[in-house]
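Written below as structure tokens is the structure these notes are about.
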Amino acid sequence: MRNKFSRIAKDLVNHVNDSNELSFIFKTKIHVIITFYIYGREKITFEDLCKITNSTVSRTTIQTILSEGVKLGYLKKFVDKSDKRKKYFSCEQLKPVLEKWHNQQQKIFI
């Protein structure tokens, strides 16, 4: 069992040093949490993310990560047509990368 955790740790370290999508996703623990929540929900707003994280991270940090993700093209921001104040985030373009990473992690635990 310990060997499996060691392999996952090595995998995470390798991705931090990449210069691709996984580098963004695994940059910090909060990057991972935000990306996974965005991917796991159909619609999620900045305010939703602030509530979900239960004040474990500042609003400014969440906003910075969202802005970084949009700037890099990993996240997309959509304005709600019926309520222009609501802006939703998605990361559908990360789907192949996230699913590949997930499948690799499952192989470790088999």
For Tyr39, which residues count as a ring-ring contact (aromatic ring centres under 6.0 Å, His included) partner, sequence neighbours excluded?
->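 Residues passing ring-ring contact (aromatic ring centres under 6.0 Å, His included) with Tyr39: none at all.
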Sequence neighbours excluded, the answer for ring-ring contact (aromatic ring centres under 6.0 Å, His included) partners of Phe36 is Trp101
Ile33 with Leu72, same ILVMFWY side-chain cluster at under 4.5 Å =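 Hydrophobic grouping puts Ile33 with Leu72.
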Consider only side-chain heavy atoms of I, L, V, M, F, W and Y, link residues closer than 4.5 Å, and tell whether Leu66 and Phe78 are in one cluster.
->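 Different clusters: Leu66 never reaches Phe78 through Ile, Leu, Val, Met, Phe, Trp or Tyr contacts under 4.5 Å.
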Sequence neighbours excluded, every pair satisfying salt bridge (charged side-chain N to carboxylate O under 4.0 Å, His left out) that has a member inside residues 60-88 =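 For residues 60-88, and leaving out neighbouring residues, the salt bridge (charged side-chain N to carboxylate O under 4.0 Å, His left out) pairs sorted by first residue read Lys27-Glu68, Asp83-Arg85.
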Pairs involving residues 89-110, ordered by first then second residue, that meet salt bridge (charged side-chain N to carboxylate O under 4.0 Å, His left out) (sequence neighbours left out) |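 Residue pairs passing salt bridge (charged side-chain N to carboxylate O under 4.0 Å, His left out), neighbours aside: none found.
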Would you mind listing every ring pair (Phe, Tyr, Trp, His ring centres under 6.0 Å) that reaches into residues 50-70, with sequence neighbours excluded?
-> none
Tell me the ring pair (Phe, Tyr, Trp, His ring centres under 6.0 Å) pairs involving residues 56-76, sequence neighbours left out?
->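 Passing the test, one end in residues 56-76: Phe24-Tyr74.
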Under the salt bridge (Lys or Arg N to Asp or Glu O under 4.0 Å) rule, collect the residues that match up with Arg2, sequence neighbours excluded.
-> none
Taking side chain to side chain contact (heavy atoms under 4.5 Å, CB included) as the test, write out the residues that go with [X], two or more places apart.
X	answer
Ile52	Tyr37, Arg41, Ile44
Ile108	Lys4, Arg7, Ile8, Gln105
Asn20	Asp18, Leu22, Ser23
Phe5	Met1, Phe109

Do Thr45 and Phe89 have side-chain heavy atoms sitting under 4.5 Å apart?
-> no
Decide yes or no for Leu75 and Ile65: does some side-chain heavy atom of the first lie under 4.5 Å from some side-chain heavy atom of the second?
-> no
Between Thr53 and Cys50, is there a donor-acceptor pair closer than 3.5 Å when you use the side chain of the first and the backbone of the second?
-> yes
Quick one: does Ser58's side chain have a donor or acceptor within less than 3.5 Å of a partner on Thr61's backbone?
->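 Yes.
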How far does CG of Asn103 sit from CG of Leu98, to the nearest 0.5 angstrom?
-> 11.0 Å
Phe46 vs Ile62, side-chain contact (heavy atoms from CB on, under 4.5 Å): CA-CA, chis, key distance, verdict = CA-CA 8 Å; Phe46 168 73; Ile62 293 170; 3.7 Å; yes
Test log, rule side-chain contact (heavy atoms from CB on, under 4.5 Å), inputs Ile38 and Ile34 = CA-CA 6 Å; Ile38 292 172; Ile34 288 172; 3.7 Å; yes
Which residues satisfy the side chain to side chain donor-acceptor pair (under 3.5 Å) test with Gln93, sequence neighbours excluded?
->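 Gln93 satisfies side chain to side chain donor-acceptor pair (under 3.5 Å) with no residue once adjacent residues are dropped.
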